[in-house]
Amino acid sequence: GVPVFRGATVVGCIAVANRPGGFRSEELNKIEVLSQAVAVLYDSHRRQQRTAVLEVERRAAVEQVGESRRQYQELVESLDGIIWEADASNFQFTFVSQQCQRLLGYSVEYWLTQITWEKLIHPDDLAVVFATCSQAVREKRNHSLEYRVRAADGRVVWVRDIDTVVVRNERPLRLIG
């Protein structure tokens, strides 16, 4: 038989029945070429198998991420309060839950594109809220505040804001409230 190599490793053998008088040199060369072709096909097949396994694992991971997102969305939307996220460096909102529409009358799109702390927080409370929150961010400290906000219809609504400062590499990145 003729060994089939993958690199320096024997991965198989091509066995050819002997015939009376043996094989000519030309026939042995053809068998050698055949064994090399088999090795290439074997490698290709193994790569395809690995690729197929990786694709199945990737699809399962994508499905799991999708399910986690659905669960997270359901959890956030089930709370009777507004969940928000803002950049810790400039306090610009980057996320707000759908409850902002029901509780304050602002659409998510409007909140994320038009609402600033100055527009949302009652003018009499703005300086204290901003100073308290800024200090807590500098100290990388979670905090809570009670203050008034303005609803879309002009109503003044008292809120209790419980904020988490998200820190990465000793740097405040986001606020979640």
K.L.:
Look up atom CH2 in W158 and atom CD in E146, then write down how far apart they are to the nearest 0.5 Å.
P.N.:
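Rounded to the nearest 0.5 Å, the CH2-CD separation comes out at 7.5 Å.
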K.L.:
Examine distances only and state if a side-chain atom of Q101 and a backbone atom of Q98 form a donor-acceptor pair shorter than 3.5 Å.
P.N.:
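Side chain of Q101 to backbone of Q98: no pair is present.
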K.L.:
Less than 4.5 Å apart, side chain to side chain, heavy atoms only: is that true for Q135 and R138?
P.N.:
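They are in side-chain contact.
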K.L.:
Donor-acceptor pair, R160 side chain versus S144 backbone, under 3.5 Å?
P.N.:
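No, because the side chain of R160 does not come within donor-acceptor range (under 3.5 Å) of the backbone of S144.
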K.L.:
Where do R47 and D43 land on the side chain to side chain contact (heavy atoms under 4.5 Å, CB included) test, with the steps shown first?
P.N.:
CA-CA 6 Å; R47 278 193 300 275; D43 280 346; 3.6 Å; yes
K.L.:
List the atom of T113, the atom of E109, and the distance in Å for their closest heavy-atom pair.
P.N.:
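So the minimum-distance heavy-atom pair works out to OG1-O, 2.7 Å.
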K.L.:
Is E55 atom CD crowded by more than 12 heavy atoms from other residues, nucleotides or ligands, each under 6.0 Å away?
P.N.:
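Buried by this count: over 12 neighbours within 6.0 Å.
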K.L.:
Can you find a heavy atom in the side chain of R59 that is under 4.5 Å from one in the side chain of V62?
P.N.:
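No, every pair of side-chain atoms sits at 4.5 Å or beyond.
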K.L.:
Should we say atom CD of Q64 is surrounded by more than 12 heavy atoms from elsewhere, each under 6.0 Å from it?
P.N.:
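Not buried by this count: 12 neighbours or fewer within 6.0 Å.
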K.L.:
What's the shortest heavy-atom distance between V165 and R141, and which atoms?
P.N.:
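Smallest heavy-atom distance, with atoms named: CG2-O, 3.2 Å.
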K.L.:
Using the six-membered ring wherever Trp is involved, compare the ring planes of W111 and F93 and label them parallel, tilted or perpendicular (cut-offs 30° and 60°).
P.N.:
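Ring orientation, 0 to 90° scale: perpendicular.
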K.L.:
Kindly indicate, with the supporting measurements, whether the criterion side chain to side chain contact (heavy atoms under 4.5 Å, CB included) is fulfilled by E57 and L54.
P.N.:
CA-CA 5 Å; E57 290 172 352; L54 290 173; 3.7 Å; yes
K.L.:
Taking C-beta and beyond as the side chain, do F91 and S134 meet within less than 4.5 Å on heavy atoms?
P.N.:
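Result yes, sub-4.5 Å side-chain heavy-atom pair found.
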K.L.:
According to a 4.5 Å side-chain heavy-atom criterion applied to Ile, Leu, Val, Met, Phe, Trp and Tyr, with indirect links allowed, do I82 and Y110 form part of one hydrophobic cluster?
P.N.:
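Linked within one cluster.
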K.L.:
Begin from the C-alpha positions of L120 and L104 and carry the test side chain to side chain contact (heavy atoms under 4.5 Å, CB included) through to its verdict.
P.N.:
CA-CA 10 Å; L120 182 65; L104 295 177; 4.3 Å; yes
K.L.:
Which distance, rounded to the nearest 0.5 Å, do you find between the OG1 of T116 and the CG of N90?
P.N.:
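Taking OG1 in T116 and CG in N90, the distance rounds to 11.5 Å.
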K.L.:
Taking atom CD as the centre, does E139 end up with more than 12 heavy-atom neighbours from other residues, nucleotides or ligands that are less than 6.0 angstrom away?
P.N.:
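Correct, the count exceeds 12.
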K.L.:
Judged by modelled atom types alone, do R102 and Q99 share a side-chain donor-acceptor pair under 3.5 Å?
P.N.:
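The answer is yes; a qualifying pair exists.
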K.L.:
Does K30, at its NZ atom, have more than 12 non-hydrogen atoms belonging to other residues, nucleotides or ligands within less than 6.0 Å?
P.N.:
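No, the 6.0 Å shell around NZ holds no more than 12 heavy atoms from other groups.
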K.L.:
According to a hydrophobic-cluster definition based on side-chain heavy atoms being under 4.5 Å apart (Ile, Leu, Val, Met, Phe, Trp, Tyr only), do I115 and V159 belong together?
P.N.:
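Shared cluster, yes.
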K.L.:
If you compare all heavy atoms of D163 against all heavy atoms of C133, which two are closest, and at what distance to 0.1 Å?
P.N.:
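Of all heavy-atom pairs spanning D163 and C133, the closest is OD2-SG, 4.3 Å.
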K.L.:
With a cut-off of 3.5 Å and sequence neighbours excluded, list every side-chain donor-acceptor pair involving residues 125-132.
P.N.:
from	atom 1	to	atom 2	distance (Å)
D125	OD1	R148	NH2	2.8
D125	OD2	R148	N	2.8
D125	OD2	R148	NE	2.9
T132	OG1	V128	O	2.8

K.L.:
Provide the closest heavy-atom pair for L112 versus T94 in the form atom of the first, atom of the second, distance.
P.N.:
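Closest heavy-atom pair between L112 and T94: CD2-C, 3.7 Å.
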K.L.:
Could you give all pairs that pass the salt bridge (charged side-chain N to carboxylate O under 4.0 Å, His left out) test and reach residues 167-177, with sequence neighbours left out?
P.N.:
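Passing the test, one end in residues 167-177: E85-R174, K140-E170.
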K.L.:
Cluster question for you: counting only ILVMFWY and a side-chain heavy-atom cut-off of under 4.5 Å, with indirect links fine, are V96 and I162 together?
P.N.:
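They do not share one cluster, since no chain of ILVMFWY contacts under 4.5 Å joins V96 to I162.
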K.L.:
Are W84 and V157 linked, directly or through other ILVMFWY residues, by side chains that come within less than 4.5 angstrom of each other?
P.N.:
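Per the 4.5 Å side-chain linkage, W84 and V157 are co-clustered.
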K.L.:
Any chance you could pull the hydrophobic cluster mates of V166, using side-chain heavy atoms under 4.5 angstrom and chaining through other members?
P.N.:
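Members other than V166 - counting any ILVMFWY side chain reachable under 4.5 Å - are I176.
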K.L.:
Can you name the closest pair of heavy atoms from S97 and G81 and give their distance?
P.N.:
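Here S97 and G81 meet closest at OG-O, 3.8 Å.
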K.L.:
Verify the neighbour count for atom CD of Q71: are there more than 12 heavy atoms of other residues, nucleotides or ligands below 6.0 Å?
P.N.:
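More than 12 within 6.0 Å, yes.
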